[in-house]
Amino acid sequence: MFSSVAHLARANPFNAPHLQLVHDGLSGPRSPPGPPRRSRHLAAAAVEEQYSCEYGSGRFFILCGLGGIISCGTTHTALVPLDLIKCRMQYSCEFGSMKYYALCGFGGVLSCGLTHTAVVPLDLVKCRMQVDPQKYKGIFNGFSVTLKEDGVRGLAKGWAPTLIGYSMQGLCKFGFYEVFKALYSNILGEENTYLWRTSLYLAASASAEFFADIALAPMEAAKVRIQTQPGYANTLREAVPKMYKEEGLNAFYKGVAPLWMRQIPYTMMKFACFERTVEALYKFVVPKPRSECTKAEQLVVTFVAGYIAGVFCAIVSHPADSVVSVLNKEKGSTASQVLQRLGFRGVWKGLFARIIMIGTLTALQWFIYDSVKVYFRLPRPPPPEMPESLKKKLGLTE
């Protein structure tokens, strides 16, 4: 038994050569000394018998890297189901799905329907200044004359066709914009989408507005009749049968061409200017990336960009807006006849009121639309960045 313990002790790499196990006095005489043992250094013994390589060697670093590959690769792969659940909890639907487009359309209904209805009094005065500049000489004079003739309730004339018409327009405008933007982007490819992004915004918004104006035209015609012809009709229920009896369906769609002239340039400016302004604000003004901004901070950027876009929208679309207002008031007139009669100065009447109205309106529309996306947890892609493949082609990266 003692000899086996002694053998294990000698096999211990930490035993020193000068230490020897001896029998105590009770076990008899000492055993004769064995052959001399080679002295070994403590660290060398540890390397020879416990480790496959020295610390800091090339093999050491290679095997450490292999351990990292196995540890990270296997653990992250094992967590793929959990990561998938987390992503689905972050967004309520996938970008480009039918649910995504439907909720974008709903955001458009709220943003356009509510905002246009809220500024009906200002819109009423603006329309009256366009069709009768002799009577309504300015925005403040227009409010004063309207209040004297119709009272406070008179300022709300046309709210019903405004709410219905612009809700339908918003559904098509915002919903179809997302559809056409994704469609055209897929056609162009990733690199061309970035290079031609302004043209993409213009084309997608123009395509969407084409359909949106068809949905808006009947209610816009009824609204203008109610607001600009005192005594013609006070409500939508009175106006629609009367218009149909007098001119048939033409009464509701004769203004669609000038409506395209007004709304398509307006919407092209509204979307393209907004998209590029947001991109510029995050690049040059906001001191941190969009991903680090809170939802509230992102919505503030949305509102500011929307107001800037709205000012340009008002200027671009105002001449056509003047033609539409006069055309829907008069029977038998054409857009070219109205344009000739108004002249250059006439088509710019009411521009100041329209800038205030459209600037505020556009800012609120974008704010509401983006808020709907936040509320329903829809995917909101960040401002576009140059693809890595394009950076390599242009020599911007190694």
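The analysis underlying the following values was restricted to heavy atoms, covering all of them including side chains, and did not include hydrogens, waters or symmetry mates. Numbers for residues simply follow the sequence, beginning at 1.
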Closest heavy-atom contact between Gly170 and Cys112?
CA-SG, 3.5 Å
Mark yes or no for whether Glu246, through its side chain, and Met243, through its backbone, hold a donor-acceptor pair below 3.5 Å.
no
Go through the steps for Glu385 and Lys283 under the test salt bridge (Lys or Arg N to Asp or Glu O under 4.0 Å), then give the verdict.
CA-CA 11 Å; Glu385 295 183 358; Lys283 188 174 182 180; over 6 Å; no
Say whether Thr193 and Ser185, considering side chains only, have a donor N or O and an acceptor N or O under 3.5 Å apart.
yes
Keeping the roles fixed (side chain from Asn141, backbone from Lys137), state whether a donor-acceptor pair exists under 3.5 Å.
yes
Result of checking Arg262, Arg354, Lys270 against Ser317 for side-chain hydrogen bond (donor to acceptor under 3.5 Å, both in side chains)
Arg354
Could you tell me if the ring centre of Trp366 sits under 6.0 Å from that of Phe303?
no
I'd like to know if Ile264 and Phe211 are part of one continuous hydrophobic network [Ile/Leu/Val/Met/Phe/Trp/Tyr, side-chain heavy atoms within less than 4.5 Å].
yes
Is it true that Tyr232 and Arg225 share a donor-acceptor pair across their side chains at a distance under 3.5 Å?
yes
Lys/Arg cation over aromatic Tyr201: Lys181, 6.0 Å, 45° cone
no
What do the steps show when you test Lys126 against Asp123 for salt bridge (Lys or Arg N to Asp or Glu O under 4.0 Å), and what is the final call?
CA-CA 5 Å; Lys126 183 264 304 178; Asp123 184 51; 3.3 Å; yes
For the pair Glu54 and Arg59, evaluate salt bridge (Lys or Arg N to Asp or Glu O under 4.0 Å) and give the outcome as yes or no after the intermediate values.
CA-CA 8 Å; Glu54 291 185 4; Arg59 185 180 181 188; over 6 Å; no
Using the side chain to side chain contact (heavy atoms under 4.5 Å, CB included) rule, take Leu200 and Trp196 through it: C-alpha gap first, then chi angles, then the decisive distance, then the call.
CA-CA 6 Å; Leu200 172 66; Trp196 297 91; 5.7 Å; no
Sort out for me which residue in Tyr266, Phe210, Phe271 forms a side chain to side chain contact (heavy atoms under 4.5 Å, CB included) with Ser205.
Phe271
Kindly determine whether Glu279 and Arg197 satisfy salt bridge (Lys or Arg N to Asp or Glu O under 4.0 Å), including the steps that lead there.
CA-CA 11 Å; Glu279 186 179 338; Arg197 59 191 183 281; 2.9 Å; yes
Got a donor-acceptor contact below 3.5 angstrom from the Ser97 side chain to the Glu94 backbone?
yes
Does a donor on one side chain and an acceptor on the other come within less than 3.5 Å for Gln169 and Glu209?
yes
Which of Phe95, Phe376, Phe174 passes ring-ring contact (aromatic ring centres under 6.0 Å, His included) with Tyr100? It is Phe95
Listed by chain and number, what are the salt bridge (charged side-chain N to carboxylate O under 4.0 Å, His left out) partners of Glu191, not counting sequence neighbours?
Lys393
Check whether Val131 and Val347 end up in the same hydrophobic cluster, where Ile, Leu, Val, Met, Phe, Trp and Tyr are linked by side-chain heavy atoms less than 4.5 Å apart.
yes
Is the backbone of Lys349 close enough, under 3.5 Å, to the side chain of His318 for a donor and an acceptor to pair up by distance?
yes
Under the side chain to side chain contact (heavy atoms under 4.5 Å, CB included) criterion, do Val301 and Tyr282 qualify, and how do the steps go?
CA-CA 8 Å; Val301 173; Tyr282 279 113; 3.7 Å; yes
Assess, by modelled atom type and distance only, whether the side chains of Ser207 and Tyr177 contain a donor and an acceptor separated by less than 3.5 Å.
no
